[in-house]
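Here is the structure we will look at.
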Amino acid sequence: MENKPIAPPPNGNQKRLFFWFYLVILFFLVTQGSLTGTYRTTETNWNDLENKMLAEEDIAQMIVVNKERVEITLKSEPLAAGKYPDFRSNSRGPHYFLTIGSVEAFESRLLSIQDKHDLAQLPEVRYVTRTNWLRSIFSWLLPFIIIIAIWYYIFARIGRRGGMGSVNPFDFGKSRATLFDDANQSKHSFEDVAGLEEAKAEIQEIVEFLKNPDRYTYLGAKIPKGVILVGPPGTGKTLLAKAVAGEAQVPFFHLSGSEFVEMFVGVGASRVRDLFRKAKDKSPSIIFIDELDAIGRARGNSLSMRANDERESTLNQLLTEMDGFGTNTGVIVMAATNRADILDKALLRPGRFDRHIYLELPNLEERKAIFEVHLKPLRLAKDIDVELLAGQTPGFSGADIANICNEAALIAARQRKEAIDMQDFSSATDRIIAGLEKKSKIISKEEKRIIAFHEAGHATVSWFLEHGDELMKVSIVPRGKSLGSAWYLPEEHQLFTKGQLTDKLCMALGGRAAEDLIFNEISSGALDDLEKVTKQAYSMVAFYGLDEKLGHISFYDSTGQSDQSLHRPYSEATAQIIDEEVRNLVNEAYQKAIAILKDHRTELESLAGLLLDQEVANRDDLVEIFGERDRTQPQQALLANG
Ligand code: ATP
C-alpha cells in the first residue's frame, strides 16, 4: 500500500496567520456586498431595458448612482403577473442595475427610446451620490495589510532559517537562549567530564557559591562575575558548562555568541539586554555564552568598519550589562572560546570575565579517563585495553575520543559483531586520523610506484633521524584526500628545540626526496607536505626567533590584530631576509633527507617493494626492514599524508 505523507497540523502561529487572512477576506466580501447591493440586484442590458422594461412601461423608478450606475425598480403589477420570474411579486427594488458611460449619454438615449416607442412619459429618474466609506477605508488599509503581511513573512523566514523556531516578528529582539531549569533540567554532571581536574575544581567553587551564597558573602568575599573557558575545539568547554547547569540546580541560560548577531542593527544589543533581564528575574542563575569570539572580538581593528557596527554595539551592550549588576546579584556569566587572544581586552578585565580557565588537549591519563567515560555505555569485547587506546591517541581532543568510540561501535555493528573489539577501535582511529579508505580510487601502476616510494621515503627518513617521530604504520591505501599515509607516535612535548623542528621539516620532505632520488623526477603528490614545511619554516624564522641571521626577533602577534592589518610590521629588507632564510632552512632539510635516503637506499627500496605487494607495512615489518630503533616512547599518533 502506498504511504501518503500526512500534512503536519498547523501550529499556533500558522493558525493565527490563517485567522487574520480569513478576516481580511471576509471584510472585503462584506464591504463589497453592502456597498454595491450586488447580492440583490441583477445586471441587465440596454436591449432588455428598452424593449421590455421601458417599452412596456414596467419601470417604477430609476436611480442614477454616482453618475455611473443606474438602479432600476420595477412596478409591482408586472412582478405580480410573473413577467420577471427572477423576482417574487412582493420583492422590493432595485431589481436591476446597468452601468452607464455618462449621464448625458444616458439621458439622450432615454429620450430617443421615448421617441422611438412613442412613450407618453418616462419613468421617474433620480440622481444620488453615495459615499462608499467602507470601500474607501479598505482601499486605504489594503496597502498597509499587504506591507505588514510581507514584513511578517520575511521575519518569520529569517526566524526559521536562524533555527530560532519562532515566527513572531515581535520577538525578534528577544534573546534566544535555551533555558535549563526545574522543568527542563540539564542531564550532565561533573561525572560526565573526565580529566580537567583543575578546571572542575575552579568551577565547583562557583556551583558552591550559587548553592550557599551566604557562606561567602558572610566573610565579605566576592564571587567572580564572569568565568571564561578557553581551549582548543572539543576539549569539553561546553560539556563543563552543561555539567555546571546540572550540578548547580539553578536556571541556566545557554546560547551561542552568533545568536546575538543578525543583519539588523540593534537586534544584538536588545537581545543582550533581554537575556540579562531574564537572568536577573530568575536569579540566582547562570548565563552561558558559547563561542564568545563571535561577538567579543577586539573592537576597532577591522578593515571593514561598517560591517562591524552591529557586532560592536552588541559587545558594548554586553560590557555594560556585565558592569551593571553587582557581584552578589547571583547572576554568573560563563563563556567559552577557542581564541581568547582575539577577544576585546575590556571583556577580560577583572570585574567582567575575571576568572580564566584554560583547558588543554588531554594528556595520557586524561585520555584514559575520557575513554572510560565514553566506553561505559558500549558493549565491549574482553580484549579492550584502555591504556593502549589512550596511548595511541595523543593530540586527540575529548570530542575526537568520543567520536572514535562511536565510530568503533558503528564498525562493529556493520560487521554484525556481538561486541566491539580492539580491531574496531584501531580501524576507527585510522579512519578518524586519515579519513575513509577509498579502495575504489583508480590509481595506475606507475602512480602506485611513486606513492610507494614517497611513503617509504617519509618512513626511512623519520626512522634514521635523531628526532624522528616513532613510526607505527605505513600505508598506500588511499584515504580521504590522501593517496598514502604514515602513522607516527610523536612524543608529547611542550617545547621544541631547533634540532627537533628541523628534523620535522626533514621528515616531511622525505617523500619528495625519495621521488627525486629514485625517479629523477618529482610529482605533485607532495602538496600537503610542502604546505606544512613552508608554514613551519616561516614560523621558525619569523615567529620563534630560531634563525641566526634574523636574530632573536618575533613578528608573532598574539592579539590577532596583524591578521587584519594591511601593513607588515617589518621592512622590505627584513622580508627578503625572512624569505631567504626560509628557503635555506628548507633546502638544508631537503639535502639532509636526500643524504639519509642515499645511505639507506636498500631499506627504502625494500619498504617500497613491500608496500607495492601488500599495501600496508606494520610496525613489525618496519623493524624487520630497518632494524630496532633505540628510542621507545610511543605516545602520540599523528599522520603524514603523502
Ligand atoms: P568547541 O570549542 O568546538 O565548542 P568544546 O570545547 O565546547 O568545543 P564540547 O562540545 O564540550 O567541546 O565537547 C564535545 C564532546 O566531546 C562532548 O559532548 C563530549 O562527548 C566529548 N568530551 C570532550 N571533553 C570531554 C571530557 N573531558 N570528558 C568527557 N567527554 C568529553
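As a basis for the values below, the full set of heavy atoms in this structure was taken, side chains included, without hydrogen atoms, waters or symmetry mates. Throughout, residue positions are numbered sequentially from 1 according to the sequence presented.
When the salt bridge (Lys or Arg N to Asp or Glu O under 4.0 Å) test is applied to Lys116, the partners found at least two apart in sequence or on another chain are Glu50. In this view, Gln317 and Ala269, Val272, Arg273, Glu321 satisfy the side-chain contact (heavy atoms from CB on, under 4.5 Å) rule, not counting sequence neighbours. Partners of Glu107 under the salt bridge (Lys or Arg N to Asp or Glu O under 4.0 Å) rule, at least two apart in sequence or in another chain, do not exist in this structure. Annotation: salt bridge (Lys or Arg N to Asp or Glu O under 4.0 Å) contacts of Arg88 (sequence neighbours excluded): none. For the side chain to side chain donor-acceptor pair (under 3.5 Å) test, no residue two or more places apart in sequence or in another chain qualifies with Thr73. In this view, Phe288 and His254 satisfy the ring-ring contact (aromatic ring centres under 6.0 Å, His included) rule, not counting sequence neighbours. Residues meeting the side-chain contact (heavy atoms from CB on, under 4.5 Å) test with Arg379, sequence neighbours left out: none. Contacts of Ile147 classified as side-chain contact (heavy atoms from CB on, under 4.5 Å), with partners at least two apart in sequence or in another chain: none. For Ala412, the side-chain contact (heavy atoms from CB on, under 4.5 Å) partners at least two apart in sequence or on another chain are Lys417, Ile420, Asp424. Under the side chain to side chain donor-acceptor pair (under 3.5 Å) criterion, Asp118 pairs with no residue, sequence neighbours left out. By the salt bridge (Lys or Arg N to Asp or Glu O under 4.0 Å) test, Asp58 is found to be paired with Lys83, residues two or more places apart in sequence or in another chain being considered.
Between Ile59 atom CD1 and Ile72 atom CD1 the span is 5.5 Å, to the nearest 0.5 Å. Here CD of Glu68 is found 12.0 Å from CG of Leu98. Values are rounded to the nearest 0.5 Å. Rounded to the nearest 0.5 Å, atoms CG (Leu49) and CZ (Phe106) are 7.0 Å apart. Atom CD1 of Ile228 is separated from atom CZ of Arg352 by 12.5 Å, given to the nearest 0.5 angstrom. With values rounded to the nearest 0.5 angstrom, Ser189 atom OG is found 13.5 Å from Lys242 atom NZ. Between atom OG of residue Ser256 and atom CG of residue Leu292 there is a gap of 9.5 Å, rounded to the nearest 0.5 Å.
No more than 12 heavy atoms of other residues, nucleotides or ligands shown are found within 6.0 angstrom of CD on Glu191. The number of heavy-atom neighbours closer than 6.0 Å to CD of Glu43, taken from other residues, nucleotides and ligands shown, is above 12.
For the pair Glu247 (side chain) and Phe190 (backbone), a donor-acceptor distance under 3.5 Å is present. Checking side-chain atoms of His95 against main-chain N and O of Leu74 turns up a donor-acceptor pair under 3.5 Å.
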Run the numbers on Asp293 and Asn338 for side-chain contact (heavy atoms from CB on, under 4.5 Å), then give the verdict.
CA-CA 8 Å; Asp293 36 309; Asn338 300 327; 5.6 Å; no
Step by step, would you call Val244 with Val227 a side-chain contact (heavy atoms from CB on, under 4.5 Å)?
CA-CA 12 Å; Val244 172; Val227 181; over 6 Å; no
Decide side-chain contact (heavy atoms from CB on, under 4.5 Å) for Lys67 and Tyr127; before the verdict, give the C-alpha distance in whole Å, the side-chain angles of both, and the deciding distance to 0.1 Å.
CA-CA 8 Å; Lys67 299 183 184 169; Tyr127 296 87; 5.9 Å; no
Verdict with supporting geometry, Leu110 and Leu54, side-chain contact (heavy atoms from CB on, under 4.5 Å)
CA-CA 9 Å; Leu110 273 188; Leu54 284 170; 3.8 Å; yes
Start with the C-alpha distance between Arg271 and Asp274, add both sets of side-chain angles, then the distance that settles salt bridge (Lys or Arg N to Asp or Glu O under 4.0 Å), and finish with yes or no.
CA-CA 5 Å; Arg271 285 185 185 164; Asp274 187 60; over 6 Å; no
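Of all heavy-atom pairs spanning Ser285 and Val250, the tightest one is CA-CG2, 4.1 Å. Of all heavy-atom pairs spanning Lys237 and Gly231, the tightest one is NZ-O, 2.9 Å. What you find for Arg109 and Ser112 is that their closest heavy atoms are O-OG, 2.8 Å. Across every non-hydrogen atom of Leu315 and Ile295, the tightest pair is CB-O, 3.5 Å. Between Ala294 and Gly257 the shortest heavy-atom distance is CB-C, 3.8 Å. Across every non-hydrogen atom of Leu359 and Gly236, the tightest pair is CD1-C, 4.1 Å.
In this structure the side chain of Phe209 reaches within 4.5 angstrom of the side chain of Ile332, judged on heavy atoms. Within the 4.5 Å cutoff, the side chain of Ile289 has heavy atoms near those of the Leu318 side chain. Using a 4.5 Å heavy-atom threshold, the side chains of Leu343 and Val230 count as separate. Side-chain contact check for Ile63 versus Pro94: every heavy-atom pair is 4.5 Å or farther apart.
No salt bridge links Asp281 with Lys278; every basic N to acidic carboxylate O contact stays at or beyond 4.0 Å.
Residue pairs satisfying the salt bridge (charged side-chain N to carboxylate O under 4.0 Å, His left out) criterion with at least one member in residues 397-413, sequence neighbours excluded, are listed as follows: Glu407-Arg431.
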